[in-house]
Student: 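The structure is given below, and queries will be raised subsequently.
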Number of protein chains: 2
Amino acid sequence: MPGRVDDMLDQLRSAGRRVTAQRRAVLQALARLGCAQDVEAIHARARRIHPRVGLVTVYRTLEALVGEGVAQRVVLGDDRTRYELGQEHGHHHHLVCLSCGSVQRLDECHLESKRAGRRHGFTVTAHRLELLGYCAKCGVPA
Amino acid sequence: MPGRVDDMLDQLRSAGRRVTAQRRAVLQALARLGCAQDVEAIHARARRIHPRVGLVTVYRTLEALVGEGVAQRVVLGDDRTRYELGQEHGHHHHLVCLSCGSVQRLDECHLESKRAGRRHGFTVTAHRLELLGYCAKCGVPA
DNA sequence: CTGAGTGCAAACTTTTTGCACAATA
DNA sequence: TATTGTGCAAAAAGTTTGCACTCAG
């Protein structure tokens, strides 16, 4: 995971962007936090790595990372904007616990709806799927 | 569709809520607009039906309708909160055009991921699926 | 007539922008 | 050194809340 962060920093540099301590911190925060984290959490984690990271910089850095294809926005249905490393490669979905709000990654993708879209004259190029329910820890409420 | 609105108003009344001209207007706006509309659009449409509807009332009414199971929130990945009539019954997904932003309803649901969730110790009780791409009118960009 | 519902204004939350300063390449 | 990136403060945008007034039941 640390090597991966360096690779991404190189990618930024190659794209003509500058590598700063703040960006490194945001990237490391993303790498350590796992998927679908909101901006506040990313900011807090980044601060633990490098105290001089402002919230504004986190917003701007995330936008830059998305632009470079290093990170992506994730929308889960609550009102928070979330981000995670990786783009379409490493495609996955999320299991969102309705009880504790935890989010875990689901790598399988049994999706057969592309055809359905095409039947509507719609060309499906991407999709987003969230499974909502209760995680093993919480269990289903009575 | 007009009968359906009256039925929903009755449902509100039975639940001890009051039926006002504003609520009727919001409900009619939802019925006429189709699925996944944002609050601003609902407000504008409601105003055309009954000019004395404030934005705040639209927010509060939508919340009440969701609480009564008459309407539901829809999250599509842009930053807007959207609403539409109907709840889990009438389950459907959306085809979101990346070019014009139009949203159309997809009634089919070929979802086989519930099993996948269960394998993770996760009990799936609901899911959300958006297919992104290009509608027939827009076509796929070069 | 009594409490649920409404409108307005103000408060809040989240995200964006302007501008002077700092630091990378 | 030439810019890109940063921080702060302020502005926007979207949503919620307090309060007095209105109206459905």
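What you see below is based on every heavy atom in this structure, not just the backbone, and it leaves out hydrogens, waters and symmetry mates. Predicted model only: the values in this text are computed from it and were never measured. Note on naming: letters A, B, ... go to the chains in the order of the sequence lines (proteins, then strands), and numbering restarts at 1 for each one.
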Student: Quick one: on DNA chain D, does B/Val19 or A/Ala21 contact a more 5' nucleotide (nearest heavy atom)?
Tutor: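 Nearest-nucleotide comparison on DNA chain D picks A/Ala21.
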Student: Between A/Glu84 and A/Gln37, do the side chains contain an N or O donor and an N or O acceptor separated by less than 3.5 Å?
Tutor: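 Their side chains do not contain a donor-acceptor pair, so the 3.5 Å distance test is not met.
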Student: Between B/Val56 and B/Arg18, which has a closest nucleotide on DNA chain C that is more 5'?
Tutor: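 Counting from the 5' end, the first nearest nucleotide belongs to B/Arg18.
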Student: Closest nucleotide of DNA chain D for A/Arg23 versus for A/Arg47: which of these residues is on the 5' side?
Tutor: A/Arg23
Student: Starting the side chain at C-beta, find the nucleotide from C/dT6, D/dG5, C/dG5 nearest to B/Thr61.
Tutor: C/dT6
Student: Which value, rounded to the nearest 0.5 Å, describes the distance between A/Leu30 atom CG and A/Cys35 atom SG?
Tutor: 11.0 Å
Student: Below 3.5 Å, does any donor atom in the side chain of B/Arg60 face an acceptor in the base of C/dG7, or the other way round?
Tutor: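 When only heavy-atom distances are counted, B/Arg60 does reach the base of C/dG7 through a donor-acceptor pair under 3.5 Å.
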Student: When the distance from CD of A/Glu40 to C1' of C/dT13 is rounded to whole Å, what number comes out?
Tutor: 10 Å
Student: Name the closest nucleotide to the B/Thr20 side chain, picking from D/dG7, D/dG14, D/dA24.
Tutor: D/dA24
Student: Which whole-number value in Å describes the distance from A/Arg52 CZ to D/dC8 P?
Tutor: 8 Å
Student: Starting at CZ of A/Arg80 and ending at P of D/dT15, how long is that distance when rounded to a whole Å?
Tutor: 15 Å
Student: By nearest atom, which of the nucleotides C/dT15, D/dT6, D/dG25 is closest to the A/Val39 side chain?
Tutor: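 For the A/Val39 side chain, the nearest candidate turns out to be C/dT15.
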Student: Below 4.5 Å, heavy atoms only, C-beta onward: do B/His50 and B/Arg24 meet side chain to side chain?
Tutor: no
Student: Nearest 0.5 Å, please: how far is CD in B/Gln28 from CG in B/Leu33?
Tutor: 11.5 Å
